[in-house]
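Remember, predicted model here, so these are calculated numbers, not experimental data. To find a chain, count down the sequence lines: A is the first, B the second, and so on, and within it residues start at 1.
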Amino acid sequence: MKTATEPAPQGVRGWLEERLGYSALIEMGRHKLVPVHRHTIWYYLGGMSLFLFLVQVGTGILLLLYYRPSAEAFESVQFLVTKVPFGWLVRSIHSWSANLLVFVLFVHMFSVFFLKAYRQPRELTWVTGMGLLFLMLAFGFSGYLLPWNTLAFFATQVGTEVAGAVPLLGHFTLRFLRGGEHVTGGTLTRFYGIHVAVLPALTTAVMGIHLYLVQRHGMSVPPGVTPKRQMRFLPNFLLRDLVGWCLALACLAALAAFLPWELGQKADPFAPAPAGIRPEWYFAWMFQMLKLLPGHVLGIEGELIGIMGISVAGLVWLLVPFLDRGDPRGRASRLWSIAGWIAIAVMAVLTAMVYVKTEG
Amino acid sequence: MSDMGAAATRRGFLGWFLGTSVGAMCASVMYPVVRYISPPDVPEPATSSVVAGTTSELKPHQGKIFRFGGQPGLLVRTEDGYKAFSATCSHLNCTVQYKGDTKQIWCACHNGFYDLNGQVVSGPPPKPLQEFQVNVAGDEIVVTRT
């Protein structure tokens, strides 16, 4: 759509405009408005997540050039980080960015939760967002094994065993993930395929729906908040987004340069699990919960109770938009906010326990 | 039957026919895919007995992991002789190790402890470790699945 004040583009821009009609997209961005109020800062987390995901895609493609998903997996990563120019940097950025991405996604999820942005008609935006979080955790879990080091081997052993403990579908899932009964080179090949093909395809589809829904419904204004004014998405909000992305990039570069990601020891399936073993921080609370549960609770195996409990809690969390009927006066539902704070407290305490004391 | 009723019946039948055909086609595509992604059973050679080590390898209150077929086993030398167990923790399948200082078998993953009879002492493991029979033949320690 062309405005009366703007002449039709000429030359290359005109040629492209005639074929792509990109000015319609620019116009849409200009008409998109973002409410400005005291909680506006939380709106930037979605864009930040997208930026970190794109960093993952870029560095992941670079890693593919040297990584070999075979018996030489560990050696190929060793070669990458020791011989390939800037190989250590690419791998470190990929690993740090994965962690930052999960962190930002959790903050994004909780901000949406506490600002009640999942209310009607944004229920499916919440559901697709939760789907994306699950996919990112699956990326983290599958990618963790790929260097084939000791920590990754046992994390995969435990993680797939947890999946295998789920009633009915558990054994099928375990065999599907491991490519057999045990964690072997076949598991590595499967995880590689899942990490670089299956999950990206699913993420593209779910992210497309999520972004469409965000665009369709616009930004949610929290209950009880009156926006001071509105800001144009293009260029005002996007430029602020870009500042955040630059900061994230600087943060990533600093972390990768000063705290390069360790490779560890090559996995040996016939070595005992080393002392102090623990999963990535975002799985630590589940790991600690399984550690604290006794062998049997009321005649049922403790691990099964833990896994079912986490699954039920996850399902309730996913269905929050349909369960939270809100306050009749249109205010935020206090009960669900309290539930959210309890969830954060439980996860924080269990995570802290892992890092404070790992043995005994 | 009126023309409209006949048309509605015909439309309904065609809708049902098309729907079931598409459903059958999806099922015929998905069935091989689901079977394909579930790996075939590859029976492991039934190993009933292995040489787990030699008598000179371990001092009292030392342990080592050995291969028992495709799975790890744990050989422990006690003051009275040798003991052998499956090294796979009954909790979530991590590989256990012997701790000489506490004379217990320990799983580092979730802090499970077993005694030297394979029984759970503390932590989350729900079942004991499988114990194997140990025989010393010359300087070889032979472990047998009972």
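- The contact between B:Ser90 and chain A is made entirely by backbone atoms, counting heavy-atom distances below 4.5 Å.
- For the cysteines B:Cys94 and B:Cys109, the sulfur (SG) atoms lie within a distance shorter than 2.5 angstrom of each other.
- Side-chain contact check for A:Glu303 and B:His110: no donor-acceptor pair (N or O, by modelled atom type) lies under 3.5 Å.
- Judged by distance alone, the side chains of A:Asn149 and A:Gln265 never bring a donor and an acceptor atom under 3.5 Å apart.
- No side-chain donor from either of A:Glu161 and B:His91 sits under 3.5 Å from a side-chain acceptor of the other.
- Only the side chain of A:Phe172 comes within less than 4.5 Å of a heavy atom in chain B; its backbone stays farther off.
- Seen from the ring of A:Phe287, A:Arg278 does not count as a face-on cation partner, given the 6.0 Å and 45° thresholds.
- Neither the backbone nor the side chain of B:Val120 comes within less than 4.5 Å of any heavy atom of chain A.
- Of the atoms belonging to A:Pro279, not a single heavy atom falls under 4.5 Å from chain B.
- Annotation: B:Phe68 is in aromatic contact with B:Phe132 [ring centroid separation under 6.0 Å].
- Proximity to chain B is limited to the backbone of A:Ala271, based on heavy atoms less than 4.5 angstrom apart.
- Looking at A:Val183, neither its backbone nor its side chain comes within 4.5 Å of chain B, counting heavy atoms on both sides.
- The part of A:Leu293 that comes within reach of chain B is its backbone (N, CA, C, O), which places non-hydrogen atoms under 4.5 angstrom from that chain.
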